[in-house]
Structures are given as C-alpha cells and as structure tokens.
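Just follow the structure's listing: the first ligand is 1, and inside any ligand the first atom is 1.
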Amino acid sequence: MTKVQLEVRGRVAVVTIDNPPVNALGAAVREGLANAVKAANADAAVAAIVIASAGKAFIAGADISEFGKPPAAPSLPDVLDAIEGSAKPVVAAIQGVGLGGGLEVALACHGRVALPGAKLGLPEIKLGIIPGAGGTQRLPRLIGAAKAFPMMLSGEPVSAGKALEYGLLDEVVSSDVVTAAIRLAEALAAEGRRPVTSAATGELTEADREAFEALAREALKKADGMPNVLALVEAVRASFALSFAEGAAVERKLFLSLVADERSKALRHVFFAEREVAKVPGIGPEVKPREIASAAVIGAGTMGGGIAMCFANAGIPVTLIETAKAALDNGVNRIGAIYDISVSRGSLTPEAKAGRMALIKPAVGLAAAAGADIVVEAAFEEMGVKQQIFGELDKVAKPGAILASNTSYLDVPTIAAATKRPQDVIGMHFFSPANVMKLLEIVRPQGAADDAIATAVALGRKLAKVPVVVGNGFGFVGNRMLERRTRAAERLLIAGALPHEVDAALVGFGFKMGPFAMADLAGNDIGWRSRKARGLKAAVADAICEAGWFGQKTGRGYYIYPQGARAGQRCPEVEALIARISAEQGVTRRSFTQEEILARLLDPMVNEGARILEEGIAARPGDIDIVWINGYNWPAWRGGPMFWADSVGLDLIVKRLEAQAAEIDDKALEPAPLLRRLAAEEKGFASLKG
Ligand code: CAA
C-alpha cells in the first residue's frame, strides 16, 4: 500500500499521508509527498493542494529510526522547498500532533488549518538535536523569535488555541478539517495569493531580536554545555542575520553534526527504550486492566504521603490510612505544606490545591481500605509488619482489589503468602519524593495475575509515572544495582579517595549529586538500619552514624552543613576518621583519578545489570536504562548504564572488573557470564534486543 495518496476533489488535490502508527516522514513518505505535489502541479484541472493525513496524528516528525543511517533522497528540506515553491497554494489540514518535521511540513505550506485538539511543536531538543528542515528559520519568520525560540528550547508542543493566537495557524475548526483546508486552499488560489513563510521578514524586528537575545542569554546560562542548546541559539540568530537559504544551510550543518553526536544517539536510545518498556513480555492487548476508581494508601509517612499525592494529582480519590490520629494529622499537614510550596511558586492554584486535598480522605485503621480498588502499602520496611498488614487486608479489601506493597527490597511472594489471594498481590515501588520522581518499579512475582500487572502499568501511566515491570528479587533492579555502587563508594574512601572527590566524579559525569551528598540528603541512618537488619558492615558509613552524623537533618554527615545550608562543606573530622579506618585496615591510601573513580563506581553496576538480565529480573537492557534515568537521575544524554557500557566497550569493562576482582575480596566483582560472553563476541547489550 502506498503511504501517500492523491485524490482530486473538485479543483483541489488532497494529498493524504498514511504511514501508521504516527505518519513519521520516512523515505517512502518523503518521496510520495514530493511526487504528489509535483503531479498536482502538473494537473491543469487542479488549482490548489491540501496536505492531510490518515489516523490520529498529522505527522510525528522525521522517522527517528532512520537517524544515523545513510540518508535516502529526497531529503526533507528538499521536499519542503518543493512544497513552498509550488505554484499552486498548499494548505495543511492538521489533526492530532504535528511535531518536528511534521510541523516543518506545515510551516512550508501556504496556509494551516487545525482541529482544536491538535498539538504543534518542535521537540527535537529532547533528542539532543535541533529542527533540521527549516524549522529554526521559518518559525521565527512566522511568529517571531521571542515566541518561536521558547517552543524550540522546551520542545513542548502548544495547543491549537495557542498556535492560532501566535499566528502559527490560520484557522481552528471544530470538525472536518480537510473540508476547511480545501476552502482555504480555494480562497488562496482565487486571490492568487501564496503566503511564503521563508520570504517573510515582518516578524524579525529589532524588538523581537532583543527579546530573543535576552531569552538566549538565560538559556545559555542553563545549557550545561549541551551542544544542541548552543546550536539552537546560533541557528535562530542566523534567521535575523542571513537570508532564508543561508540560514537554512547553517541549520542543516548544525543538525547533521548533532545527529552524529554520542549524546543524541543516547537520547534516541532513550526514546525507543521508553516505548519498549511499555511492552510487557507475555501481556498483550487482550489482557484488560481492572478499573481503578478509588485507592487507599497505608502509611502517612513521607513515602505514603507522596503516593497519596500521586493519586490526588491524577484525580483519583484516595484514603490515607494510619494506625493513630497524630501520625495521620502529621502526614496530612506535610502534604498540605508540599502543595503550599507549589501554590507559592505559582504552579498550582489555591483552588486546585483545595481540590486535591479534598480527594485525600484521612482515616485510622485498615478497615477504611475496604472500598478501594487498589491498596498501596507504604508502611515500615520490615517483613513482619508487612505480613501483618497484608493478612488484615485480606480480610477487609474487596474481592479483586489490587494489593500492592511499596517495599524497596523485600520478597513480594512472602508478603503475598500472608493473604489467600496471591494473584492480586504485587509490588509497586515508588521513588522518593514519590510525587516527583517518574520511576515506578512494578514487581511481578510468580503467581501474580496478568491483569493485576496490566492494571498497575495502566495506573502508573495515569499517575504520570514511567512504569517498568521487573521480576521479584532483592532490591529488584534499581536498588540492587545501587547497592553495588554504594559498596564501591565506601571502598574508594578506604582505598584513598575522599567524599568530595567521589561525588565530583559523578557530578562531572552528569549526575546531579554524588553518593555521599545523596546519602546526607536521604539520611545516613536509613542505610545503617538496613545494614544492621541484614548483619552487614560498612566501616566508614557505620562510624559516621555511630557519631550521630545522619546527614543534612543533623547538620553533618559526610559533609558539614552550617546553619541548615543545603550544600555541604568538606569535614576535616570525617576525613581524619576515614584515614584512621584505612590505617586500621592496613591500607596505604593512594589517590584516584576521576576516570578510575567512575570505573570503580559504575562497572560493578553494569555487572549487576548483566546478572539482572541473566536472571530475567529485567526484560531488556533498555528497561534498566529507563530505571536509572527516571529513578536515580542518571543523565539521559548518557543513555543509562547499559547503553553507557556499550559505548565504553564491554571488553574494557570486563578487564577493569577482573583487575578489581584480583585486588578486592568481593565475588560480585567477578564479571557476569553474560558480560563475558558479549565481550568475547565483541557485541554490546544492544545486541540482546528483539
Ligand atoms: N519516528 C519513528 N517512530 C516513531 C516516531 C518518530 N518520529 N514517533 C513515534 N514513533 C513510534 C514509536 O516508537 C512507537 O512505536 P512502537 O509502537 O513500535 O513502539 C509508535 O510510534 C507510537 O508512539 P508512542 O508509543 O509514543 O505513542 P503516543 O501516542 O504515546 O505518542 C507521539 C505519539 C506524541 C507522536 C510520540 O510518539 C512522540 O512524541 N514522538 C516523537 C516526536 C518527535 O520527537 N518528533 C521529532 C522527530 S525529529 C525531526 O523531526 C527532525 C527534523 O527536523 C527533520
């Protein structure tokens, strides 16, 4: 079937793009479009042309899967030049999304009509690139750079209403967008008018340039060296200084160099991994999620409160349950205070806050969970406590309710065994702060019903989370790998590095924080308690907790925080304590380069990731990457730990792990069989896909 159809209606040729699922502009579509415009121009019976599309989307942009492959003619800029150069007016009929190259197609047309639900944007920045088919030149000419630049910088689409207000659309119609586009096309033909965006300069005023430059200064300050932000500024600047053709050439050159950049490759990997993670092996579309109209959350602590907020934010009524009134009041007050911060920042109206608070119903005692379609338990992280709660829930929860534990480490089947309905018991592991962090690990123990998992995935999306289904096993995916990094960080201290050096290496890599600043923020006592429960020791971390240095909340931890400061300062006492422990262990301290520190922190994580894949705890390497990007702030432009490992080369990682294993008594450092096999075959984790 051809991906572009041409049909003449009266005196207008309607060109329809039909390339499911989202009408991406692959080579066949580009060729089809070029041919259709040419044919319509050659047809004397045709006075004007409409570009429309089949399906839900107008056009979702370039076909991202073609990036990095040899370019196939015709290029999108050439097709767009042909559209704009058409002697007969061309009008875009836009329904659904017009993104990236899709909006650029519309910009090359002489008129644009859309349905109210249409969304228009240039999201290339999120893929580490900039628009590459004239977008940086045409959009400023059409609506002014002061409006165009923020659209390209954020990558967020605007609504049809906004686009109309901006002058990006000529018309918004409530239905039958193709008929409306035909009407406009006929009118333009009758008037003999063919508004050509690339020839327009009316919006590029001095005032607009000044407004854009002010925005550009701000953007460059925050750009963090990302080359696409720098390139975007350069390209938009060119729209003021140069002719359209010269500006388009600048844009194209920048676009091509960004496409080839490692950072954009990583972001494209993340784009596809995010979509793949939504496909749960063994659960097809025939498995229908259960309906979730109400929820209950057990535990009104920081975690439980954050989870309750997620439900309220999504408009789902939620009962927040505690064992005693005082704890409940504290929890509700804490939620109110968090919403108040949003109100004071202007991101939430007082009415919206009131609406959300009204959805949260505080209650004492588990009996209040009786009516809920889903119960999320966020109580103390101890098996006895969880089993008791689930035993009780079994008695009160309604039949078919999903019973989920927010446990971060514990065995979900053991929790499920406290009930007579293990098919309904799953893990739903939120990340702190639960109302902010995107990741939701959905733990799928053997024996859980498929539709229980499908329900959790659908719910996760409704809560604006990135749900990743993982197998049951200590620490699941994220925390299991984190533990390897935590141990490595402690070992580095004893071997000779200092907390600020370890943290600086990870910040230099792109993390927002290093492990010690993070531990100080979260509270060092949390890890201490968990180690004690498991009979584990960590000489430095334990000594710091024994001294009462729990982190920011006590004014000191690995660092000192004078008068509640959030940025820690080096602490001579901690550094002396570390040196003493090294001496006690007979270690001659030495210095480490940033590169060595990174290898020691990250290689063991990759190794654990390989084991997680061997055991089927994660379905695909990309799933692990998505966990780390959304739950632990792994920089997206580094693609996640498994993508990063491929970019380093698995052979080198095996060698470095072997060297560590020879020096350190820790079996976990032995390269995993999967890692060894891939390295020996000169392959990467990416080869495991599909
Ligand atoms: N290229 C290739 N495949 C794409 C695609 C694209 N631009 N956009 C979406 N897809 C694919 C997805 O991979 C997915 O495939 P599978 O079903 O095989 O997993 C399928 O289309 C559906 O996508 P979603 O699951 O994301 O569906 P959705 O309905 O939730 O969202 C969407 C649809 C809003 C279009 C979203 O997919 C999206 O934001 N796409 C990317 C848009 C984009 O970044 N465009 C710019 C491309 S770069 C460019 O155009 C450069 C230029 O200037 C020339």
Side-chain angles (χ1 to χ4, degrees), residues 3 17 19-30 33 53 55-69 71-72 74-81 83 94-108 117-139 148 151-152 154-159 228 231-232 235-236 248 251-261 264-265 267-281 284-285 457-458 460-462 464 466-467 620 622-623 626 636 689-690:
K3 293 178 188 286
I17 300 172
N19 184 26
V22 292
N23 296 323
L25 295 161
V29 173
R30 296 197 301 274
L33 257 181
S53 52
K56 275 195 291 189
F58 173 59
I59 304 170
D63 184 338
I64 302 170
S65 64
E66 281 184 359
F67 288 3
K69 296 181 185 156
S75 76
L76 190 58
D78 287 349
V79 177
L80 300 197
D81 285 348
I83 292 173
I94 305 166
Q95 90 281 15
V97 293
L99 299 176
L103 176 53
E104 289 171 308
V105 168
L107 288 170
K119 285 200 157 78
L120 298 166
L122 292 169
E124 287 84 348
I125 203 92
K126 296 182 183 174
L127 296 168
I129 55 176
I130 61 168
T136 66
Q137 306 303 300
R138 283 195 181 92
L139 194 58
M151 278 179 71
M152 295 188 270
S154 71
E156 290 301 320
V158 295
S159 64
N228 56 340
L232 182 63
V236 175
E251 175 200 87
R252 192 72 189 159
K253 194 163 163 233
L254 291 165
F255 171 82
L256 290 174
S257 82
L258 289 168
V259 167
D261 190 278
S264 167
K265 278 186 207 158
L267 289 166
R268 267 144 38 206
H269 158 75
V270 174
F271 175 85
F272 286 114
E274 267 172 4
R275 274 139 193 91
E276 206 170 10
V277 85
K279 293 168 196 148
V280 184
V457 172
R461 281 203 210 106
K462 201 160 173 204
V466 178
R620 294 152 293 229
D623 291 15
I626 293 304
K689 268 195 208 146

(request) Find all atoms of ligand 1 within a distance of less than 4.0 Å from any non-hydrogen atom belonging to Gly132, and give their numbers and elements. (result) 52 (C), 53 (O)
(request) Look at atom 1 (N) of ligand 1 and say which protein heavy atom is nearest, naming residue and atom and giving the distance to 0.1 Å. (result) Ile64 N, 2.9 Å
(request) Can you confirm whether something in the protein, heavy atoms only, sits under 4.0 Å from atom 27 (O) of ligand 1? (result) no
(request) Work out whether the distance between some heavy atom of Pro131 and some atom of ligand 1 is less than 4.0 Å. (result) yes
(request) Number the atoms of ligand 1 from 1 as they appear, then name those within less than 4.0 Å of a heavy atom of Gly100, with their elements. (result) 46 (C), 50 (O)
(request) Might you point out which heavy atoms bring Ala62 and Ala24 nearest each other, and give the distance in Å? (result) O-CB, 4.2 Å
(message) Any side-chain to backbone donor/acceptor pair from Arg620 onto Ala273? Under 3.5 Å, distance only.
(response) no
(message) Among all protein heavy atoms in this structure, tell me which lies nearest to atom 33 (C) of ligand 1, with the distance rounded to 0.1 Å.
(response) Val22 CG1, 4.2 Å
(request) Run down the list Gly96, Ala62, Pro123 and name the one with the heavy atom closest to atom 44 (O) of ligand 1. (result) Pro123
(request) Identify, for atom 25 (O) of ligand 1, the protein heavy atom at the shortest distance, and state residue, atom and that distance. (result) Arg275 CG, 3.7 Å
(request) Would you kindly specify which portion of Leu76 sits under 4.0 Å from ligand 1, judged on non-hydrogen atoms: side chain, backbone, both or neither? (result) side chain
(request) Rounded to the nearest 0.5 Å, what's the gap from CG on Leu258 to CD on Glu251? Could you check? (result) 10.5 Å
(request) Just let me know how Asp63 lines up against ligand 1, side chain, backbone, both or neither, with a heavy-atom cut-off below 4.0 Å. (result) both
(request) Tell me which part of Leu127 gets within contact of ligand 1: side chain, backbone, both or neither, using heavy atoms under 4.0 Å. (result) side chain
(request) Using a strict cut-off of 4.0 Å, indicate which atoms of ligand 1 neighbour a heavy atom of Gly61. (result) 50 (O)
(request) Could you list which atoms of ligand 1 come closer than 4.0 Å to a heavy atom of Phe272? (result) 13 (O)
(request) Record the part of Glu104 in heavy-atom contact with ligand 1 below 4.0 Å; permitted values are side chain, backbone, both and neither. (result) side chain
(message) Using a plain distance cutoff, I'd like to know if Glu124 has any nitrogen or oxygen under 3.5 Å from a nitrogen or oxygen of ligand 1.
(response) yes
(request) Measure across Ile94 and Ala106 and return the closest heavy-atom pair with its distance rounded to 0.1 Å. (result) CD1-CB, 4.0 Å
(message) Heavy-atom count check: over 12 atoms from other residues, nucleotides or ligands less than 6.0 Å from Lys462 NZ?
(response) no
(message) Less than 4.0 Å is my threshold; does some heavy atom of Gly135 fall inside it relative to ligand 1?
(response) no
(request) With the side chain counted from C-beta on, respond yes when Ile129 and Asn228 share a heavy-atom pair under 4.5 Å apart, and no when they do not. (result) no
(request) Decide whether an N or O pair under 3.5 Å exists between Val97 and ligand 1. (result) no
(request) Would you name the heavy atoms of Glu124 and Gly100 that are closest together and state the gap between them? (result) OE2-CA, 2.9 Å
(request) Under 4.0 Å, heavy atoms only, figure out whether ligand 1 is touched by the backbone of Ala60, its side chain, both or neither. (result) both
(message) Can you confirm whether some protein heavy atom lies under 4.0 Å from atom 30 (O) of ligand 1, or whether none does?
(response) no
(message) Can you confirm whether some protein heavy atom lies under 4.0 Å from atom 52 (C) of ligand 1, or whether none does?
(response) yes
(request) If you have a sec, work out which protein heavy atom is nearest atom 34 (C) of ligand 1 and how many Å separate them, to one decimal? (result) Leu99 CD1, 4.0 Å
(request) For the pair Arg138 and Asp81, find out whether any cationic side-chain nitrogen is under 4.0 Å from an anionic carboxylate oxygen. (result) yes
(request) Verify the contact flag for atom 18 (O) of ligand 1, where contact means a protein heavy atom under 4.0 Å away. (result) yes
(message) Which heavy atom of Leu99 sits nearest to which heavy atom of Leu120, and what is that distance?
(response) CD2-C, 4.5 Å
(message) Any non-hydrogen side-chain atom of Glu104 less than 4.5 Å from a side-chain atom of Ile59?
(response) no
(request) May I ask you to decide if Pro71's main-chain N or O and Glu66's side chain share a donor-acceptor pair within less than 3.5 Å? (result) no
(request) Please identify which atoms of ligand 1 are closer than 4.0 Å to at least one heavy atom of Lys279. (result) 16 (P), 17 (O), 18 (O), 19 (O)
(message) If we ignore hydrogens and angles and just use 3.5 Å, is the side chain of Asn19 paired with the main-chain N or O of Lys3 as donor and acceptor?
(response) no
(message) With a 4.0 Å cut-off on N to O distance, would you call Lys119 and Glu156 a salt bridge?
(response) no
(message) Between Ser53 (side chain only) and Phe58 (backbone N and O only), is there a donor and an acceptor less than 3.5 Å apart?
(response) yes
(message) Considering non-hydrogen atoms of the protein only, which is the closest contact for atom 20 (C) of ligand 1, and what is the distance?
(response) Pro21 CG, 3.5 Å
